[in-house]
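Naming convention: chains lettered A, B, ... in sequence-line order (proteins, then strands); numbering from 1 in each chain.
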Number of protein chains: 2
Amino acid sequence: MATSVHPKKRAKRGNRSGRASKAKSDSPSAGRSSDGPRSRAVQKKRTRSALMEAALRLMSTGRSYTSLSLREITRGAGVVPTSFYRHFPDLDELGLALVEETGLTLRRLLREARRADVPPIRIIAHSVEIYHQYIREHRLHILFMASERWGGSPLIRRSIRYETQHFATEMAQDLRELNLLPGLSMATLQMICGLVVNTMLNAASDFLDVPPDQFQVEEELTENFVRQLRVIFLGATQWKDKV
Amino acid sequence: MATSVHPKKRAKRGNRSGRASKAKSDSPSAGRSSDGPRSRAVQKKRTRSALMEAALRLMSTGRSYTSLSLREITRGAGVVPTSFYRHFPDLDELGLALVEETGLTLRRLLREARRADVPPIRIIAHSVEIYHQYIREHRLHILFMASERWGGSPLIRRSIRYETQHFATEMAQDLRELNLLPGLSMATLQMICGLVVNTMLNAASDFLDVPPDQFQVEEELTENFVRQLRVIFLGATQWKDKV
DNA sequence: ATATTCAGTCAACACTTGTGTACTGAAAGA
DNA sequence: TCTTTCAGTACACAAGTGTTGACTGAATAT
C-alpha cells in the first residue's frame, strides 16, 4: 500500500501466485496427514493425482504448462520437490499422464453424445449442449489439452495430436453408423471430423478465456460455435467424393 | 533513499532447457561491432530486431515463448542482459512487438491474395498456394502467432486474438467486394471467415510441426487443408440467413 | 568546443531452479 | 516376530533467473 514508492512496475507475466510464499522451506502439507485408509498403493495414487491436479490448478490462471516448474507443482501438491521423482521421471511425463486422463474423459463425452436419439435437425445443437456442459465440468483438462496442443513440449504435442486424431476417428465412425452424411467415404468423414474437432478445441479455448461469469459473452461464443458447425455440416452434405 | 525492501517475488519461468549451455559469461557479439553506418537510431533498431529475431530463433526448436528467459534472448542477440531494458520493459512487450510485426505481414498476404483475378473455381486452391508459400517465407512468425495464440501470456493472447479478428474482418470485406457468397450478411461472413482463419492457423501449426524435408507429408497436409476449406465454402454457399 | 544523451557494459543482489545423496518410519512381506 | 520395501523428507549444491545501480564512451545537441 503506502510502500509503493517505486515506479509502476508493469504487470509481469502470468505468474500471479497469490501466496506471498514467505516459506523458505518447501512446505509439506499433504505428505502423510490424517484422514482415510493409508495403504501404500492408494496413498501413492493420491499423491500422484495431487501432483497432476496441482499442475492443472497452476495453469488455471493463464499460464502455460511449459512455464511451470517442478518445484511449483510439488509445492502446490503439498509435497517436497524430490518426491516428484517417486511418481514421474520428468515434467513431460506428468504432462503425458494428463493427456491420457483427458483422452479418457473425452471418449466418455463421445459415448454420451452418441446415444442421442434426437431428430437430426437438433443433433448439432444437442451435441453442443453436451459439449458445453462438458467443458464446464472438465474445465481444466480441456484447458490443458487445447492450449498445450501447440505448446512447448514436442512430446506432449505429439501425444495430444494422437489423442485428437483418435477422437476424430471415433466420431467419423459414429457418423457413419448413424448414417448421417450417407455416401461419403471414410476418408472424407475423417477429414470433416478433423475440422470439427479443431473447431471444438478452438471454441473451447475462446470459451475458457472469458471469466466464468460473463454470461452474455458465453452466449455469443456458443452461438458462433453452433453456426460454424452448421456451416461445416452444410458443406458436408453437399460434398461429392470424386470417383 | 529508496528503502531496499523489494517485494519483487514474481519472476519465474521454466527453463527446461536441457542443453549444457557452456557459455559461462554473457557474450556480447553484436554490441557495437563492425559494419555499416552507426547512427544511434538505426543501431538501436538493429539491436531491437536482433532481440526479436533471437526470440523467434529460440522458439524454432519447439519451445514456447513463455518458457524463454530474458537472459537467453539477450544471449541469442549477442547483447548483455541489462541491455534488454533499453528496448522493452518486459518480455511481454517483446511478444507484443512480435505480434504486431506478424500482423503487418499477414495483412500483406491478404493484399496479395486479394488481387487474384483467377476463376472462382480456382480461387481456393490459388489462395492456399499463396498462403503455403507465405508460411514457408515467414515460418517463424507464423509459428509464433499460431502457438502463442493459446500460450502462456494473457496479454499476448489478447493481442493475437485482436489481430486475427482484424484479419478475419478484412477477409470478410474482401469476400463481400469480390461478391463471392452473395446474399450473406456481414455478420455471417465474419463468422465464416473466423472459421477459415482458425483452420488456416491450425493447418499452419500442423505444417510447421513437420520437418521441412518431409515432402510427402507436406503434400498430404496441404491436400487436407484445401479440402477443409472447400467444405467450409461449400457450406457457406448453402447458408441461408434467417430473416 | 563543450555539454548532454543514452545504448551497451559490468558487477552484484537475492532468489529460484533441477537434481543428487542420505535418512526416516510406517506399511507389506517373511 | 523380524526384515525389507519405498513414499516422503532433509539438506546441499551448482547453475540459472530478473533486476538494480553505477559506469563508459561515442553519437548528438548546443
Closer than 4.0 Å, any side-chain N/O of B/Gln43 to the OP1 or OP2 of D/dA26?
-> no

What's the CZ-C1' distance between A/Phe84 and C/dT16, to the nearest Å?
-> 17 Å

Using whole Å, report how far CG of B/Leu91 lies from C1' of D/dT19.
-> 12 Å

Crowded around B/Gln214 CD? As in, over 12 foreign heavy atoms under 6.0 Å?
-> yes

Any salt bridge between B/Asp209 and A/Arg158, counting N to O under 4.0 Å?
-> no

Nucleotide C/dT19, atom P - distance to CG of A/Leu70 in whole Å | 7 Å

Do the charged groups of B/Glu72 and B/Arg63 touch, with an N to O distance under 4.0 Å?
-> yes

Return no unless some side-chain N or O of A/Ser69 is found under 4.0 Å from OP1 or OP2 of C/dT17.
-> yes

Figure out the CG/P separation between A/Leu51 and D/dA7, and round it to whole Å.
-> 13 Å

Round to a whole Å and report the spacing from OH of B/Tyr85 to P of D/dT20.
-> 6 Å

Going through the checks in order, is the side-chain hydrogen bond (donor to acceptor under 3.5 Å, both in side chains) test met by B/Thr169 and B/Gln190?
-> CA-CA 6 Å; B/Thr169 302; B/Gln190 183 96 15; 2.8 Å; yes

When rounded to whole Å, the CZ to P distance for the pair A/Arg71 and D/dT9 reads 13 Å

For atom CD of B/Glu137, is the number of surrounding heavy atoms from other residues, nucleotides or ligands below 6.0 Å larger than 12?
-> yes

B/His87 has an atom NE2; how far is it from atom P of D/dT19, in whole Å?
-> 16 Å

Expressed in angstrom and rounded to an integer, what is the separation of A/Leu68 atom CG from D/dT17 atom C1'?
-> 17 Å

What about the rings of A/His132 and A/Phe207, do their centers lie closer together than 6.0 Å?
-> yes

Looking at A/Thr82, does any N or O in its side chain come under 4.0 Å of the phosphate oxygens OP1/OP2 on D/dG8?
-> no

Parallel, tilted or perpendicular, as decided by the 30° and 60° cut-offs, for the rings of B/Tyr134 and B/Tyr131 | parallel

Would you say a side-chain N or O of B/Arg46 is under 4.0 Å from OP1 or OP2 of C/dG8?
-> no

Identify each atom pair where a protein N or O and an N or O of nucleotides 4-6 of chain C are less than 3.5 Å apart, giving names and distance.
unit_1: C/dT5; atom_1: O2; unit_2: B/Arg40; atom_2: NH1; d: 3.3
unit_1: C/dT5; atom_1: O2; unit_2: B/Arg40; atom_2: NH2; d: 2.4
unit_1: C/dC6; atom_1: O4'; unit_2: B/Arg40; atom_2: NH2; d: 3.2

